[in-house]
J.: 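Once you've had a glance at the structure underneath, I'll fire off some questions.
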Amino acid sequence: MATLSDARRVVVKIGSALLVDRATGALRADWLASLAEDVAGLRARGADVILVSSGSIALGRGVLGLPAAALSLEQSQAAAAVGQIKLAGAYEVALARHGLQAAQVLVTLEDSEDRRRYLNSRATMEQLLRLGVVPIVNENDTVATDEIRYGDNDRLAAQVAVTAGADLLILLSDVDGLYTANPQTDPGARHLAEVAEITPEIEAMAGDAGSGLSKGGMKTKVMAARTATTGGCAMAITRGDRMHPVRALSEGARATWFAAQGDPQQKRKAWIAAMKPRGRVTIDAGAARALASGSSLLSAGVSAVSGAFGRGDPVEVVDDRGRVLGQGLTRYDAGDAARIAKLRSDQIEAALGYPPRGPLIHRDDLAL
């Protein structure tokens, strides 16, 4: 079973009820400061950290003086527009105290369902992490409607974890994990410290109740666990309503740990390999050797392009004898790929009229 000390890329999900005082609607600044210190500790040991944070609507509701009752779609979007500024600013200040830079990333369900948007999101996240930035991800509630919503940040966090290739997802909650029954109503409910596999029996143990500020219940957390673990990412559910919640988890705080079903990179490459190719690129012997050693596919090594494919589509990679070497997601459409075939990176901008997007196929998007 994975541990926090082993994780090299960690996603932490923070719910509204942890960030926003239920009575006053104000930000819990002391709690956020303790979380920022935990993030700094993870970064200091070399781990990448992504935060998936609710709170924009809850904060905006207080600023705008909106009622405690359920809000209309328009009221929710207005509250999110105001609250998102406060939320991003609060994270920026809290992380800056530790020399960390925050970045705001707003997404909708469509961003993970559309391949081009998915690749854009993934590339942006990867670049931010490479630069040492801590991305703060939230659903774009200012534009999202029911048809394009995740609906809860548990499942959003799981999708972000899979997209980013994280090896651990932490759901900070108001409970310390999964029980065999609802512990508030069943005194015989047992806490589960580890879940090796999500079975129908495990799913049946989850309830639907959420808090007044959050939309997720245990059912959404188990659904998130299925998404994360299937994508090769372990997951933990633990109490977040304490100071330094991530540090507490590393020190043995009670939690339920869900085991990853394989390695995230292996899972991603298996997914790429299973796609139906939309085209083909033929590469020379030098490029074939470079791929075998773990390099990305550069345009200079491409000798021919065939098929009608778009950016982000799967294409076969074959050698000059026609042998299939693998399959990958291309960063250029068929027309542009053909234009830059055999060109060095410093020649691409002149050929296309825009700066290169990096290699034709990045090694992380290539299944050999």
J.: Got a donor-acceptor contact below 3.5 angstrom from the Ser34 side chain to the His244 backbone?
T.: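 Between the backbone of His244 and the side chain of Ser34 there is a qualifying donor-acceptor contact (under 3.5 Å).
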
J.: Go through the steps to decide whether Thr256 and Glu194 satisfy the test side-chain contact (heavy atoms from CB on, under 4.5 Å), and finish with yes or no.
T.: CA-CA 5 Å; Thr256 296; Glu194 295 183 356; over 6 Å; no

J.: Minimum heavy-atom separation for Gly307 to Ala334, with atom names?
T.: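 In terms of heavy atoms, the two residues are closest at O-CB, 3.4 Å.
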
J.: For Asp364 and Arg122, what are the C-alpha separation, side-chain angles and deciding distance, and is it a side-chain contact (heavy atoms from CB on, under 4.5 Å)?
T.: CA-CA 11 Å; Asp364 291 344; Arg122 186 173 183 273; 3.7 Å; yes

J.: Over all heavy atoms of both residues, which pair between Leu156 and Asn138 is shortest? Give the atoms and the distance, please.
T.: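 Looks like CD2-C, 4.0 Å.
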
J.: With distance as the sole test, does Trp31 use its side chain to make a donor-acceptor pair with the main-chain N or O of Arg242 at under 3.5 Å?
T.: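 A pair under 3.5 Å: yes.
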
J.: For Thr24, which residues count as a side chain to side chain contact (heavy atoms under 4.5 Å, CB included) partner, sequence neighbours excluded?
T.: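 Listed in chain order: Asp21, Ala26.
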
J.: What I'd like to find out is whether the side chain of Arg357 reaches to under 4.5 Å of the side chain of Arg311, using heavy atoms alone.
T.: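 The answer is yes, as the side chains (C-beta and beyond) meet within the 4.5 Å cut-off.
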
J.: Minimum heavy-atom separation for Trp257 to Ala255, with atom names?
T.: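 Shortest heavy-atom separation between Trp257 and Ala255 comes out as NE1-CB, 3.9 Å.
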
J.: Between Arg239 and Asp241, is there a side-chain N and carboxylate O pair less than 4.0 Å apart?
T.: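 Asp241 and Arg239: salt-bridged.
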
J.: Return the CZ to CD distance between Arg61 and Gln75, rounded to the nearest 0.5 Å.
T.: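 If I round to the nearest 0.5 Å, the distance is 8.5 Å.
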
J.: Shortest non-hydrogen contact from Ser76 to Ile57?
T.: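 Nearest pair, atom of Ser76 first, then Ile57: O-CG1, 3.7 Å.
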
J.: Sequence neighbours left out, what pairs pass ring pair (Phe, Tyr, Trp, His ring centres under 6.0 Å) with at least one residue falling in residues 36-81?
T.: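 Listed by first then second residue: nothing to list.
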
J.: Going by heavy atoms in the side chains, are Pro245 and Asp38 under 4.5 Å from each other?
T.: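 When only atoms from C-beta onward are counted, Asp38 and Pro245 do touch, with a gap below 4.5 Å.
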
J.: Can you measure from CZ (Arg28) to CG (Leu19) and round to the nearest 0.5 angstrom?
T.: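 So the gap between those two atoms works out to 8.5 Å.
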
J.: Main chain of Gly41, side chain of Arg45: is a donor-acceptor contact present, judged purely on distance under 3.5 Å?
T.: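 Judged by distance alone, no pair lies under 3.5 Å.
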
J.: Donor-acceptor pair, Gln327 side chain versus Ile272 backbone, under 3.5 Å?
T.: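 It does hold such a pair.
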
J.: What's the separation between atom CG in Leu66 and atom OG in Ser72, rounded to the nearest 0.5 Å?
T.: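 Answer for the CG-OG pair, Leu66 versus Ser72, is 8.5 Å.
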
J.: Without swapping roles, check the side chain of Asp186 against the backbone of Pro183 for a donor-acceptor pair under 3.5 Å.
T.: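 No; zero donor-acceptor contacts below 3.5 Å.
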
J.: Looking only at heavy atoms, which two atoms of Leu171 and Ala224 are closest? And how far apart?
T.: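 The pair with the smallest heavy-atom distance is CD1-CB, 4.4 Å.
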
J.: Please answer whether the main-chain N or O of Asp365 pairs with a side-chain N or O of Lys269 as donor and acceptor at a distance below 3.5 Å.
T.: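 No, Lys269 side chain to Asp365 backbone: no donor-acceptor pair under 3.5 Å.
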
J.: Quick one: closest heavy-atom pair of Leu87 and Gly55, and the distance?
T.: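 Nearest heavy atoms, Leu87 then Gly55: CD2-C, 4.3 Å.
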
J.: Give every residue pair that meets the salt bridge (Lys or Arg N to Asp or Glu O under 4.0 Å) criterion with at least one member in residues 75-89, sequence neighbours excluded.
T.: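 Pairs touching residues 75-89 that pass the test: none.
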
J.: Above 12 or not: heavy atoms from other molecules or residues under 6.0 Å from CD1 of Ile85?
T.: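 Atom CD1 in Ile85 is not crowded, with 12 or fewer foreign heavy atoms closer than 6.0 Å.
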
J.: What pairs of donor and acceptor atoms, side-chain ones from residues 289-298 against any protein atom, are under 3.5 angstrom apart with sequence neighbours left out?
T.:
unit_1	atom_1	unit_2	atom_2	d
Ser293	OG	Ala290	O	2.8
Ser295	OG	Ala290	O	3.4
Ser296	OG	Arg363	N	2.9

J.: Which distance, rounded to the nearest 0.5 Å, do you find between the CD of Gln159 and the CG of Asp154?
T.: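 Answer rounded to 0.5 Å: 13.5 Å.
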
J.: Using side chain to side chain contact (heavy atoms under 4.5 Å, CB included) as the criterion, list what pairs up with Ser303, not counting sequence neighbours.
T.: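 In terms of side chain to side chain contact (heavy atoms under 4.5 Å, CB included), with neighbours along the sequence ignored, Ser303 is linked to Thr282, Lys342.
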
J.: Taking atom CE of Met235 and atom CZ of Phe258, what is their separation to the nearest 0.5 Å?
T.: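 Going from CE on Met235 over to CZ on Phe258, the span is 4.5 Å.
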
J.: Any salt bridge between Arg9 and Glu126, counting N to O under 4.0 Å?
T.: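 Glu126 and Arg9: salt-bridged.
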
J.: If only atom types and distance count, is the side chain of Glu197 paired as donor or acceptor with the main-chain N or O of Val195 below 3.5 Å?
T.: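 Judged by distance alone, no pair lies under 3.5 Å.
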
J.: Got a salt bridge between Asp48 and Arg8, using NZ or NE/NH1/NH2 to carboxylate O under 4.0 Å?
T.: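 The answer is no: the pair does not qualify as a salt bridge.
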
J.: Any salt bridge between Lys219 and Glu203, counting N to O under 4.0 Å?
T.: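 The answer is no: the pair does not qualify as a salt bridge.
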
J.: Anything under 30° is parallel, anything over 60° is perpendicular, the rest tilted; go ahead and classify Tyr354 against Tyr332.
T.: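 It falls in the parallel class, under 30°.
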
J.: Step by step, work out the side-chain contact (heavy atoms from CB on, under 4.5 Å) result for Asp346 and Ile348.
T.: CA-CA 6 Å; Asp346 59 0; Ile348 291 177; over 6 Å; no

J.: Looking at Thr238 and Asp176, would you say the former's side chain and the latter's main chain have a donor-acceptor pair under 3.5 Å?
T.: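 Flag not set: sc Thr238 to bb Asp176 has no pair under 3.5 Å.
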
J.: Does the Arg190 side chain pair with the main chain of Thr180, one donor and one acceptor, at a distance under 3.5 Å?
T.: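 It does not hold such a pair.
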
J.: Is there a donor-acceptor pair under 3.5 Å between the side chain of Arg247 and the backbone N or O of Glu251?
T.: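 Judged by distance alone, no pair lies under 3.5 Å.
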
J.: So Val281 and Glu316, side-chain contact (heavy atoms from CB on, under 4.5 Å) or not? Walk me through it.
T.: CA-CA 6 Å; Val281 293; Glu316 279 186 331; over 6 Å; no

J.: For residues 91-105, which side-chain N or O atoms pair as donor and acceptor with protein atoms under 3.5 Å away, sequence neighbours left out?
T.:
unit_1	atom_1	unit_2	atom_2	d
Tyr91	OH	Ser53	OG	2.8

